[in-house]
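Before any comments, here is the structure.
Per chain, numbering begins at 1; letters A, B, ... match sequence-line order.
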2 protein chains.
Amino acid sequence: MAASARRGPYVCGIDAAMDVVAGKWKPLILWELHHYGTRRFAQLRRGLPGVSEKMLIQHLREMEEDGLVHREVYPEVPPKVEYSLTEHGVSLNTALAPLGAWGTARAGRIGAERVTVDEVAAVRRP
Amino acid sequence: MAASARRGPYVCGIDAAMDVVAGKWKPLILWELHHYGTRRFAQLRRGLPGVSEKMLIQHLREMEEDGLVHREVYPEVPPKVEYSLTEHGVSLNTALAPLGAWGTARAGRIGAERVTVDEVAAVRRP
DNA sequence: TGAGGTACTCACCCACGGGTAAGTACGTCG
DNA sequence: CGACGTACTTACCCGTGGGTGAGTACCTCA
């Protein structure tokens, strides 16, 4: 599966953290859940324009296995599943903050376009 | 080249930072250069057991393009090249520190083996 | 009646990140 | 004379991360 050789021996802490954050949408999911607190599957999908359902589920499952997100299923007739961050997820987000700041500074430095969610939606959904 | 679609539009700062750190050995190179200050090519290769020369060069070139490392060539008869971190590289490392701490904590939490350089050498060079 | 929303699963495909191995030009050491 | 060390370059191969698209079971609304 995608959970190839995860939890492998780590050379350093960055390794261990990257292992958990690796994945095209993981940081965005983290951010989304951190920002909104609790989100349903379809809400997340809409919040991450361009993500495929397969990847979203796959990433959510991995992050659940890694103890970053909590998955609450409501056995209702229209299915309802709520995702939220565990305390480990929150602490990871906190640890990620300086990196985000650095990235933002760098983006400004090199003059890269910073794209809003709507623009991404426009670009990735022609 | 490997510089596929880098510097692409970023959704958030984490994106921009991950773009620069993405690569199996980038964080290790960063750590190595940060730890030793200045390193020659062969020293780096020995410090990162298991890395192929191709990947090491490729990563170093990309990090140089990204303004993270400085490459100093001495036109001597046995070729000599020294790599060191730029101030941006140093600041990235600083921003990476909390993530490293989080990863270390997590590695301890899940009881993952933390491997020393020598052990890695033993494992990856049978 | 059928279109749409919920949360998925499954099968297939392809690009690319990374590994392996060899070649290069020059010099020194044994 | 050949092995070894420096710092690379080049060619080739393969695994997998991620994308596409369809299918499922149930319910609601127009």
Side-chain angles (χ1 to χ4, degrees), chain A residues 1-6 8 11 15 18-29 38-65 69-84 120 123-126, chain B residues 1-6 8 11 15 18-29 38-65 69-84 120 123-126:
Chain A
M1 201 182 281
S4 49
R6 319 181 80 239
V11 172
D15 254 24
M18 293 294 282
D19 193 15
V20 145
V21 173
K24 190 166 173 184
W25 306 95
K26 294 264 185 83
L28 276 336
I29 294 175
T38 292
R39 296 239 95 184
R40 301 185 53 178
F41 181 81
Q43 289 179 316
L44 280 172
R45 199 204 320 148
R46 281 186 229 110
L48 310 178
V51 71
S52 64
E53 299 194 341
K54 171 193 150 191
M55 287 317 300
L56 185 52
I57 289 180
Q58 195 179 321
H59 282 167
L60 284 169
R61 290 285 143 84
E62 288 177 13
M63 293 168 79
E64 193 190 351
E65 272 181 40
V69 314
H70 172 71
R71 183 164 174 269
E72 184 85 33
V73 181
Y74 298 86
E76 302 176 355
V77 169
K80 177 178 173 183
V81 182
E82 280 186 349
Y83 295 92
S84 55
V120 171
V123 168
R124 300 193 186 173
R125 280 190 198 149
Chain B
M1 198 182 286
S4 49
R6 320 181 79 239
V11 172
D15 255 24
M18 293 295 282
D19 194 14
V20 145
V21 172
K24 190 166 174 181
W25 307 94
K26 295 264 185 83
L28 277 335
I29 294 175
T38 291
R39 297 238 94 184
R40 300 185 53 179
F41 182 81
Q43 291 179 315
L44 280 172
R45 201 204 319 147
R46 282 186 228 109
L48 309 179
V51 72
S52 64
E53 298 195 340
K54 172 192 147 191
M55 286 317 300
L56 184 51
I57 289 181
Q58 197 178 101
H59 283 168
L60 283 170
R61 289 286 143 83
E62 288 176 14
M63 293 167 78
E64 193 191 351
E65 273 182 39
V69 315
H70 173 70
R71 184 164 174 270
E72 184 86 33
V73 181
Y74 298 86
E76 302 175 355
V77 169
K80 178 178 172 182
V81 182
E82 281 186 348
Y83 295 92
S84 55
V120 172
V123 168
R124 301 195 187 173
R125 280 190 199 150

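- The base of D:dG17 does not come close enough to the side chain of A:Lys24 for any donor and acceptor atom to sit less than 3.5 Å apart.
- For the pair B:His59 and C:dG18, the criterion of a side-chain N or O lying under 4.0 Å from OP1 or OP2 is met.
- One atom, CG of A:Leu28, and another, P of D:dG18, lie 12 Å apart when rounded to the nearest Å.
- Here C:dG19 presents its P atom at 15 Å from CZ of B:Arg45, a figure rounded to the nearest Å.
- Nearest heavy atoms, A:Arg71 versus A:Val73: NH1-CG2, 3.8 Å.
- The side chain of B:Arg61 contributes an N or O atom lying less than 4.0 Å from OP1 or OP2 of D:dC8.
- Taken to the nearest 0.5 Å, the CD atom of A:Gln58 stands 6.0 Å off from the NZ atom of A:Lys54.
- The residue among B:Ala42 and B:Lys54 whose nearest nucleotide of DNA chain D lies closer to the 5′ end is B:Ala42.
- What separates CD of B:Gln43 from C1' of D:dG5 is a distance of 13 Å, to the nearest Å.
- Taking CZ of B:Arg40 as the reference point, atom NZ of B:Lys80 lies at 5.5 Å (rounded to 0.5 Å).
- Taking 4.0 angstrom as the limit, A:Tyr83 places a side-chain polar atom (N or O) nearer than this to OP1 or OP2 of C:dC8.
- Taking atom CG of B:Leu48 as the reference point, atom C1' of C:dG19 lies 15 Å away to the nearest angstrom.
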Contact letters for nucleotides 22-30 of chain C, in which S counts primed atoms plus P, OP1 and OP2 and B counts the base, heavy atoms under 4.0 Å: -----S---
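- A:Val21 has its side chain within reach of B:Met18: a pair of non-hydrogen atoms, C-beta onward, lies under 4.5 Å apart.
- Whole-Å rounding puts the B:Leu60 CG to C:dG18 P distance at 14 Å.
- Side-chain atoms of A:Arg46 and A:Gln43, non-hydrogen and from C-beta on, do get closer than 4.5 Å to each other.
- For B:Met55 and D:dT9, the CE to P distance is 14 Å, given to the nearest whole Å.
- In this structure, CG of B:Leu44 is placed 14 Å from C1' of D:dT6, rounded to the nearest angstrom.
- For the pair A:Lys80 NZ and D:dT28 P, the computed distance is 16 Å after rounding to whole Å.
- The CZ atom of B:Arg45 sits 15.0 Å away from the CE atom of B:Met55 when rounded to the nearest 0.5 Å.
- The phosphate of D:dT6 has OP1 or OP2 within less than 4.0 Å of a side-chain N or O from B:Arg46.
- The A:Ser52 side chain lies nearest to D:dT20 when the options are C:dG19, C:dA7, D:dT20.
- Between A:Arg40 and C:dA7 there is a side-chain polar atom (N or O) within less than 4.0 angstrom of OP1 or OP2.
- For the atom pair B:Leu48 CG and B:Ile29 CD1, the distance stands at 6.0 Å (nearest 0.5 Å).
- Between A:Arg71 and B:Gly23, the one whose closest nucleotide on DNA chain C sits nearer the 5' end is A:Arg71.
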